[in-house]
Amino acid sequence: MFVSTRGGAVPQDAPSVILTGLAPDGGLYVPEELPKIPLEEIESMGGAGYTAWARRVLGALLPAFSEAALGQAIDTAYASFCDPAVAPLTPLETGTYLLELYHGPTLAFKDIALTLLPHLAVLSKQALREARELLVLVATSGDTGKAALEGFRDVQGTRCVVFYPDEGVSPAQRLQMLTQRGENTHVFAVAGNFDDCQSGVKRLFQDQALAKRLQGLGRRLCSANSINYGRLAPQVVYYFYAYAQLLARGAVQAGQPVHFAVPTGNFGNILAADYARRMGLPVGRLLCASNRNHVLADFLTSGEYNTQRDFHTTLSPSMDILISSNLERLLFELCGRDAAQVRTWMLSLGETGRYHIGPQAMSKLSQVFRGDWADDAQTARQIRKIYQRTGRVLDPHTAVASTVLDAYRTETFDTTPCVLVATASPFKFGKDVLAALGEETYGLDDFAACERLAALTGVQVPSAIAGLPNLPVRFGQRILAGQMEEALLSILG
Ligand SMILES: *Cc1c(COP(=O)(O)O)cnc(C)c1O
């Protein structure tokens, strides 16, 4: 069963939690108890493939679904990846490995969860005998939107509606969404930033009058954002898989800790790493990397979460976030699952835009997490530096984490092996990456820049990007943040 981080909701099983998203008390659902996977088993599974690991880890995290149904969902979801390893781990430099999470249909790590979520949603509908159409609402900082649209495209009994910040996504990200196919897909540009989109979607979920109205229309709201436990669980898998790959190649001994450096925005990816650790994976440190919107880095250093600051658009748009929703799940663990304490902090966040966790929670936090950040200039320098050192091209998000990792090592002389979590293909940000490599980009659009990048690095432009300029644009509606409900109702006729 699953409980709310704010303690005010009746415990639910996995199908309800997946279809509900946010708990009715405003909290996030978490498993009543995290399962353990013993070290001996991690060792003996060693070189197993990604889908075998997914069966094992998701079987433990989502026991409500039958092994056969879950297995089939996993096989179908990950067959859409262009690399059969799904999440290949490749050596980058001595002691550093790149976990490549960008080989899915939309070239970002969101695909790992969002190719599977629609299957989990359909299974949940069946389990609950839910006949209503699922209205999947998504707020996106760029990558979630496309991945959700692609995942839910033409899935029967579902409709996917995406809200993205008009000025907050890269040209390729925007075009990926605006050219989305599918009879059941809808895209709206919102005048505002990601936090406006996310807050707007959260409000829609908490609007009882809207829920009633949708009920009458035979619809039910469902979230594909990482507040949904069905997004989080699939992300735990690749941390186990990465460690198993290191074991299989003899890079670590069983039980030896490994650090992970994670480019972080909404805190979903790195939280999955912490869940893996709580489930028994030998995780050393989790390096939480932010861009200039470094609320998290400041929080991890000072214990104060403070959103009262300017918002910046950066080279790493998927991390341009001031309110990291999934942090609430970590807070719940840090205070010993004291829901009243979480409520107090969240109330303070709502009323004053800030909260401070006490020294006790802070000391637990610092045992594992470490936060740091990199600005755009550092990020661009790092892309160039890593290319010169290794011949590999990082996307700006991954480069932020790479910068933070280098700084950590310089400061601590820590030689523990580290996995750098690579969250997007550099071709999603072609022009910025090309410029970072010191190439002339004047007069090039993103797609011409990708061609240049391909010629320079000898890596082909992925077909998901190369074909984009030839696809018809299907959406173009721009709305104000206050018009999200209206927009939603407009597509229901
Ligand atoms: C979403 C995203 C992130 C941030 O992940 P969170 O789970 O929100 O912390 C980082 N990089 C890329 C490329 C992303 O799409």
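Counting convention: from 1, in listed order, for ligands and their atoms alike. As the structure is a prediction and not an experimental result, all values here were calculated from the model.
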Ring centre gap for Tyr241 and Tyr50 strictly below 6.0 Å: yes
Contact check, Ser226 vs ligand 1, heavy-atom distance below 4.0 Å: no
Atom CD of Gln460 with >12 non-hydrogen neighbours under 6.0 angstrom: no
Within reach of ligand 1, part of Phe109 (heavy-atom separation under 4.0 Å): side chain
Short N or O distance, Thr264 and ligand 1, threshold 3.5 Å exclusive: no
Arg285 atom CZ, neighbour heavy-atom count above 12 within 6.0 Å: yes
From the candidates Gln235, Lys146, His397, Lys110, the one that places a heavy atom nearest atom 14 (C) of ligand 1: Lys110
Sub-3.5 Å N/O-N/O distance, Gly268 and ligand 1: yes
Option nearest atom 15 (O) of ligand 1 (shortest heavy-atom distance, choices Leu296, Asp143, Leu232): Asp143
Distance flag, aromatic centroids of Phe81 and Tyr78, threshold under 6.0 Å: yes
From Phe299, Phe267, Tyr408, residue fulfilling ring pair (Phe, Tyr, Trp, His ring centres under 6.0 Å) relative to Phe369: Phe267
N/O separation below 3.5 Å, Ala108 to ligand 1: no
Distance from atom 10 (C) of ligand 1 to nearest protein heavy atom, with residue and atom: Pro263 O, 3.6 Å
Atom CD of Glu33 with >12 non-hydrogen neighbours under 6.0 angstrom: no
Backbone of Asn293 reached by a side-chain donor or acceptor of Arg309 within 3.5 Å: no
Contact (N/O only, under 3.5 Å) between Thr423 and ligand 1: yes
Atom 4 (C) of ligand 1: nearest protein contact (heavy atom, Å): Gly265 N, 3.5 Å
Ring centers of Tyr102, Phe109 separated by less than 6.0 Å: no
Heavy-atom nearest neighbour in the protein, as seen from atom 7 (O) of ligand 1, with distance rounded to 0.1 Å: Asn269 N, 2.8 Å
Atoms in ligand 1 with a heavy atom of Ala424 nearer than 4.0 Å: 13 (C)
Minimum-distance protein heavy atom relative to atom 6 (P) of ligand 1: Asn266 N, 3.5 Å
Heavy-atom side-chain contact between Gln176 and Leu149 under 4.5 Å: no
